[in-house]
Amino acid sequence: MKTLIAHLTSAHSRYDTRIFLKECRSLAEAGFEIVLLVADGLGEEIVDGVRIIGVPMRASRLFRMLLTPRDLYTKVMEVGATICHLHDPELIPMGLKLRRKGLKVIFDSHEDVPRQLLTKPYLSKRFGKIASHIYVAFERYALRKFNILVTVTEKIASRLKKTNPVTICVKNYPITSEYILAKEYPRQSLEIAYVGAISAIRGGVELIEAVGLTNTEISLNLAGSCSPPEFKASLEVLSGWKHTRDLGFLGRKAVQEVLNRSRIGLVTLHPTPSYQESLPIKLFEYMAAGIPVIASKFPLWREIVEGNSCGICVNPLNPKEIAKAIDWLIEHPEEAEEMGKNGQRAVLERYNWDTEAKTLVAAYRKLIG
């Protein structure tokens, strides 16, 4: 009997870094037959051995949560998948239905959802706590029925193993071939970079304020979209905005070009419960690109950044401290270059997707038997 593996997402794009570029392509390269079902309404194509099929895109978050799982379920049954790998919490009820139909189901928890709910801007503190408790209860009921749970950090894996012992950690480390290039550290450049979504909780205000406080005429390459879009207005009034290049959302090649000409990569997220235990992909992409990192002073991040001597950890709520770290790295190019090399070496040895792909492939082979 043919083993067709379907990856399903209601919220991510068809070329999502973790889902398509890493997981689906790695599984296809390992010899599995993979179909990726996405809610973008863009039809069907085959890319790098992965068949991608779009179901309708819904107009709002509410319609997406209510109707897209039904669309994906219909398509899964139509294509005849025997293993389903789900990538969004709203698909968990559908996963239970698939289990009752006899399919094998994997759930991939990209984030620590209970902790995230505590800081969602559209939920009050009280309702955030209620939503978090409800989600944990539902998670304990539903996820024990699935065949495998996959997640991105050891902390989340430790929690989920209490619900389902068949839990593996597949960290979201970079694909080294995309970033590790033969290039010189750009000592003469006065550009620094932040890559990813920009919001208050991701330290957007403090970052722009820090740029306005530096002693050197640096330029910040801001490669990402503001969330929510109106948040941008609160950044444009800050003194550091005149030193900021608002590049908007960029594709992967454009991000590589930005990092190749930038001297520092910044990841100064706020100390929320979910961020303090996260492993942000931008941190490892900066390291892979061979540039020093300025990161939030969280214990887990300090272990990586200071443990590998690849950057400086700061209080993300203190713009003056961020500015001081920027100035030091700009004024000490030899030390900064050495930090960049240290980070790149660490990615080659430990923090890379190749090692994580082996864990994922092994779990699939064991499941199929």
Side-chain angles (χ1 to χ4, degrees), residues 1-12 16-38 48-52 72 76 79-89 91-92 94-113 139-176 277-279 281 284 347 349-369:
M1 181 179 174
K2 178 183 74 171
T3 300
L4 176 62
I5 299 166
H7 281 243
L8 294 82
T9 177
S10 54
H12 296 81
D16 180 82
T17 301
R18 179 174 175 86
I19 300 173
F20 170 69
L21 289 176
K22 294 177 180 175
E23 294 187 342
C24 288
R25 290 201 313 178
S26 294
L27 291 167
E29 288 170 5
F32 297 103
E33 185 175 358
I34 306 295
V35 60
L36 171 58
L37 306 181
V38 296
D48 294 341
V50 179
R51 181 184 174 197
I52 308 176
L72 292 170
V76 161
V79 301
T82 51
I83 298 176
C84 293
H85 191 136
L86 314 180
H87 289 276
D88 305 292
L91 301 181
I92 292 176
M94 183 187 72
L96 294 173
K97 187 176 180 180
L98 292 169
R99 287 295 291 136
R100 291 193 292 270
K101 285 286 186 178
L103 279 71
K104 295 178 178 178
V105 177
I106 299 168
F107 177 64
D108 200 325
S109 183
H110 294 203
E111 273 113 20
D112 193 333
V113 178
E139 190 180 64
R140 287 173 180 164
Y141 163 76
L143 298 188
R144 63 186 175 86
K145 300 175 184 292
F146 290 0
N147 298 90
I148 302 176
L149 305 184
V150 182
T151 191
V152 293
T153 70
E154 297 293 350
K155 184 83 171 181
I156 304 174
S158 178
R159 177 175 64 81
L160 292 180
K161 280 179 181 177
K162 296 174 184 176
T163 297
N164 189 328
V166 189
T167 297
I168 62 172
C169 185
V170 179
K171 299 182 180 73
N172 209 19
Y173 291 155
I175 302 170
T176 53
E277 299 296 338
S278 69
L279 294 172
I281 183 60
F284 300 102
V347 168
E349 294 174 355
R350 293 186 297 282
Y351 308 118
N352 61 77
W353 175 250
D354 290 344
T355 58
E356 303 306 304
K358 291 175 184 177
T359 301
L360 182 67
V361 169
Y364 263 94
R365 286 184 174 147
K366 185 175 182 180
L367 178 64
I368 292 171

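In what follows, every heavy atom counts, from backbone to side chain, and hydrogens, waters and symmetry copies are set aside. Counting begins at 1 with the first residue of the sequence.
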Practice prompt. Check F146 against I92 and note the closest heavy-atom contact, atom names and distance.
Written response: CZ-O, 3.7 Å

Item to complete: Determine the interplanar angle of the Y364 and F32 rings, folded into 0 to 90°, and report it as parallel if under 30°, tilted if 30 to 60°, perpendicular if over 60°.
Response: tilted

Discussion item. Show the nearest heavy-atom pair for residues S26 and V361, with the distance to one decimal.
Written reply: O-CG2, 4.3 Å

Discussion item. Within a 6.0 Å radius of atom CZ on R350, are there more than 12 heavy atoms belonging to other residues, nucleotides or ligands?
Written reply: yes

Discussion item. Let's go through N172 and L279 carefully: what are the C-alpha distance in whole Å and the side-chain angles of both, what is the deciding distance for side-chain contact (heavy atoms from CB on, under 4.5 Å) to 0.1 Å, and is it a yes or a no?
Written reply: CA-CA 7 Å; N172 209 19; L279 294 172; over 6 Å; no

Worksheet item: Can you name the closest pair of heavy atoms from L91 and L86 and give their distance?
Response: O-CD1, 3.4 Å

Practice prompt. Assess whether side-chain contact (heavy atoms from CB on, under 4.5 Å) is satisfied between E111 and V152, documenting all intermediate values.
Written response: CA-CA 7 Å; E111 273 113 20; V152 293; over 6 Å; no

Worksheet item: Closest approach of C169 and T359, non-hydrogen atoms and distance?
Response: O-CG2, 4.0 Å

Discussion item. To check you understand the geometry: which heavy-atom pair defines the closest contact between D48 and A28, and what is its length?
Written reply: O-CB, 4.1 Å

Worksheet item: Quick check: does any side chain N or O of K358 sit under 3.5 Å from a backbone N or O of W353, one acting as donor and the other as acceptor?
Response: no

Worksheet item: Under a 4.5 Å cut-off applied to non-hydrogen side-chain atoms, are S109 and V150 in contact?
Response: no

Worksheet item: Say you draw a straight line from CD1 of I148 to CG of L360; how long is it, rounded to the nearest 0.5 Å?
Response: 8.5 Å

Response to the item:
Rounding to 0.5 Å, atoms CD1 (I5) and OG1 (T3) come to a distance of 7.0 Å

Fill in: Sequence neighbours excluded - salt bridge (charged side-chain N to carboxylate O under 4.0 Å, His left out) pairs with any residue from residues 144-173
D112-R159, E139-R159, E154-K171

Worksheet item: Are side-chain N/O atoms of T176 and N352 paired as donor and acceptor at under 3.5 Å?
Response: no

Discussion item. Looking only at the aromatic ring of each residue, does the gap between the centers of H110 and H87 stay below 6.0 angstrom?
Written reply: yes

Worksheet item: Do the non-hydrogen side-chain atoms of T151 and L160 ever get within less than 4.5 Å of each other?
Response: yes

Item to complete: To the nearest 0.5 Å, tell me how far I34 CD1 sits from H7 NE2.
Response: 5.0 Å

Worksheet item: Is the side chain of K104 donor-acceptor paired with the backbone N or O of L367 at a distance under 3.5 Å, no angle test?
Response: yes

Worksheet item: F284 vs Y351 aromatic rings, parallel, tilted or perpendicular, using cut-offs 30° and 60°?
Response: tilted

Practice prompt. Would you check if I168 and L149 make a side-chain contact, meaning some heavy-atom pair closer than 4.5 Å?
Written response: no

Worksheet entry | Distance, nearest 0.5 Å, that separates OG of S158 from CD of E277 | 10.5 Å

Worksheet item: Could you give all pairs that pass the ring pair (Phe, Tyr, Trp, His ring centres under 6.0 Å) test and reach residues 150-171, with sequence neighbours left out?
Response: none

Worksheet item: Passes side-chain contact (heavy atoms from CB on, under 4.5 Å), T9 versus F20? Steps please.
Response: CA-CA 10 Å; T9 177; F20 170 69; over 6 Å; no

Worksheet item: Can you name the salt bridge (charged side-chain N to carboxylate O under 4.0 Å, His left out) partners of R18, sequence neighbours left out?
Response: E23, D108

Item to complete: With the side chain counted from C-beta on, respond yes when V35 and V50 share a heavy-atom pair under 4.5 Å apart, and no when they do not.
Response: no

Worksheet, complete the sentence: In this structure, CD1 of I368 is separated from OG1 of T82 (nearest 0.5 Å) by 7.0 Å

Discussion item. Checking I83 against L4 for the side-chain contact (heavy atoms from CB on, under 4.5 Å) test, could you report, in this order, the C-alpha distance in whole Å, the side-chain angles of both residues, the deciding distance, and whether it holds?
Written reply: CA-CA 6 Å; I83 298 176; L4 176 62; over 6 Å; no

Worksheet entry | Minimum heavy-atom distance between L103 and A81, given as atom pair plus value | CD2-O, 3.3 Å

Worksheet entry | Point-to-point distance, once rounded to the nearest 0.5 Å, from OG1 of T17 to CD1 of I175 | 7.5 Å

Fill in: Side-chain (N147) to main-chain (I106) donor-acceptor, under 3.5 angstrom
no

